[in-house]
Amino acid sequence: MITSAETYSAFKLIHEGILALARAEAVGIRVDVDYCIRTTKRLDREINYANKKFEASDLAAQWKKVYRSEVNFNSDPQLAKVVFEHMKIEPKKFTEKGNPSVDEEALKMLGLEEVDLILKVRHLTKVRDTYIGGYLRENVEGIMRPFFNLHTVVSYRSSSDRINFQNQPNRDPLLKKLCREAILPHKGQKILCADFKGCEVSGAAAYNKDPQLIKYLIDPTTDMHRDVAVDCFLTTPDQIIKPVRNTAKSFFTFAQFYGDWYKSCAENMWKEMQNEDTHKLKSGIILLDHLYDKGIKTYQSFEDQVKKVEDIFWNKRFKVYKKWKEDWYADYLKKGYFTTLSGFTCRGVMDNKQAVNYPIQGSSFHMLLLTFILLDREQDRRGWKSRLIGQIHDEMVMSVDPAEEREVIETIQHIVTVEVPKIFTWINTPLVIEVETTEVNQSWYHKKDIHKKKEEGHADYQWLDAA
DNA sequence: GGAACTCGCCAC
DNA sequence: AAACGTGGCGAGTTCC
């Protein structure tokens, strides 16, 4: 893959972008070093305790027999050898290289009683060594300066390293708390996160100009993920609750946008639906029972249903998007390259998924990058104490002086609704920003949607009503 | 003793 | 025809 900035504006975006990101690196991110030291000690104790319990297990006894003095309970290759060669358990899942897998899913299929213990140690060591360990290694006098690169990613997205600020735990509640409690705003300030709602969907719409997709993005009374959930689960729109909507969103719609097919979508959704606490209808009926009543009594019949949903998705709902994918790839095959809306040319061997994903991924990030550049200028021009400190693909992270918070938010809104569309004239849907903040001196873990706070009656945010 | 590889797993 | 795109990183292991 060879990419190049073909136009002056594309060159300028990278040039200005890397300078703005370098300024964020210079500001840096504050780390709660005492917390990291305390937490490392606590994790050491918990890991030791879990390891002691594991050493008393049957699996550990077998392991010691095989590896004797070489035994290392942290080694996945050793685990695989003990389980699959020595204990002769039939492997059900394989790695990309074709070896028996010992990842979380594979282990759960083996039915070993030690699985929970192994997974617990994996989670805790990951937090200790990758995340907390990274903060301790990289901070100097309580400030770490993760790099944000614009020269490493084939699609012209960014990457981050030392530490990678773009993969801090967010999904698993325990990992999220343990890690994000360590990350603080600068003294006397708040952390403020501003992320683009549906950034890549907007990016996709700019390329494919699909009227149905655009309608979903323009009309707030519509809801794409709810509608897809209705198709998948054969229900009425009012019965779709958030976890069910999320399952359709993550495992059908986004997966399909990236190029997945119905079988793997069906398998993943089926797995999610086994959680009957979260996967029910608004009426309280369990989703699996509901599907049973609708005649979907087995996995196979659910898969058949998802196949139909895939057909509706691409041949009815988003048929213009589908046509664009086909035309875009055909054009690339003919010319040997394509040029993105933000002005970058990609050459070299790509399959059809890469050829349609790269431009969307790249230009979507460039909407954020341009916003970042303009905000970086504005914080200087206005002499704010508030500073940009990082970026996560479709989200900006700032350390904000509370006295400036209102102006910061208004400025961001102005940039994304007025300035960015003036420069990127190819954007064809409204850019929507969602803002979350912490309280003063609170860690990143405590960030909350300010609108939700308003619902809870926080008078501090009444000015928002007027805005 | 370090480079390169594999695996697992975190993010969008 | 095949079947989810882009990264970074730690640990273990193998190779030179």
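Chain identifiers are assigned alphabetically (A, B, ...) following the order of the sequence lines, protein sequences preceding nucleic acid strands; residue numbering begins at 1 within each chain.
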Under 3.5 Å, is there a donor-acceptor pair between the A:Lys325 and A:Asn352 side chains? no

Rounded interatomic separation in angstrom, taking [atom1] from [X] and [atom2] from [N]:
{"X": "A:Asn352", "N": "C:dC4", "atom1": "CG", "atom2": "C1'", "answer": "12 Å"}
{"X": "A:Lys325", "N": "C:dG5", "atom1": "NZ", "atom2": "P", "answer": "12 Å"}
{"X": "A:Gln354", "N": "C:dG5", "atom1": "CD", "atom2": "C1'", "answer": "8 Å"}
{"X": "A:Lys307", "N": "C:dA3", "atom1": "NZ", "atom2": "P", "answer": "17 Å"}
{"X": "A:Tyr358", "N": "C:dC4", "atom1": "OH", "atom2": "C1'", "answer": "12 Å"}
{"X": "A:Tyr329", "N": "C:dA2", "atom1": "OH", "atom2": "P", "answer": "14 Å"}
{"X": "A:Asp260", "N": "C:dT6", "atom1": "CG", "atom2": "C1'", "answer": "15 Å"}

May I ask you to say what [X] touches in the nucleic acid, namely base, sugar-phosphate or nothing, with a heavy-atom cut-off under 4.0 Å?
{"X": "A:Val356", "value": "nothing"}
{"X": "A:Ile360", "value": "nothing"}
{"X": "A:Gln256", "value": "nothing"}

Phosphate oxygens OP1/OP2 of C:dC4: is one of them under 4.0 Å from a side-chain N or O of A:Trp261?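 True: A:Trp261 side-chain N/O within range (under 4.0 Å) of C:dC4 OP1/OP2.
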
Between C:dA3 and A:Ser264, is there an OP1 or OP2 to side-chain N/O distance shorter than 4.0 Å? no

Output yes when a side-chain donor or acceptor of A:Ser301 lies under 3.5 Å from a complementary backbone atom of A:Thr298, and no otherwise.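 Yes.
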
Could you tell me whether [X] and [Y] make a salt bridge, using a distance below 4.0 angstrom between a side-chain N and a carboxylate O?
{"X": "A:Glu138", "Y": "A:Arg145", "result": "no"}
{"X": "A:Lys177", "Y": "A:Glu181", "result": "yes"}
{"X": "A:Arg42", "Y": "A:Glu46", "result": "yes"}
{"X": "A:Arg157", "Y": "A:Glu200", "result": "yes"}
{"X": "A:Lys323", "Y": "A:Asp327", "result": "yes"}

Per the side chain to side chain donor-acceptor pair (under 3.5 Å) rule, which among A:Glu114, A:Glu55, A:His86, A:Gln78 passes with A:Trp63?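 Answer after filtering A:Glu114, A:Glu55, A:His86, A:Gln78: A:Gln78.
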
Base versus backbone protein contacts along nucleotides 7-16 of chain C [heavy-atom cut-off under 4.0 Å; B, S, -]: BBSSSSS---

What range of DNA chain B does chain A touch, first nucleotide to last, counting atoms under 4.0 Å from its heavy atoms?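 Endpoints of the contacted stretch of DNA chain B: B:dT6 to B:dC12.
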
OG (A:Ser264) and CZ (A:Phe252) are apart, to the nearest 0.5 Å, by 10.5 Å

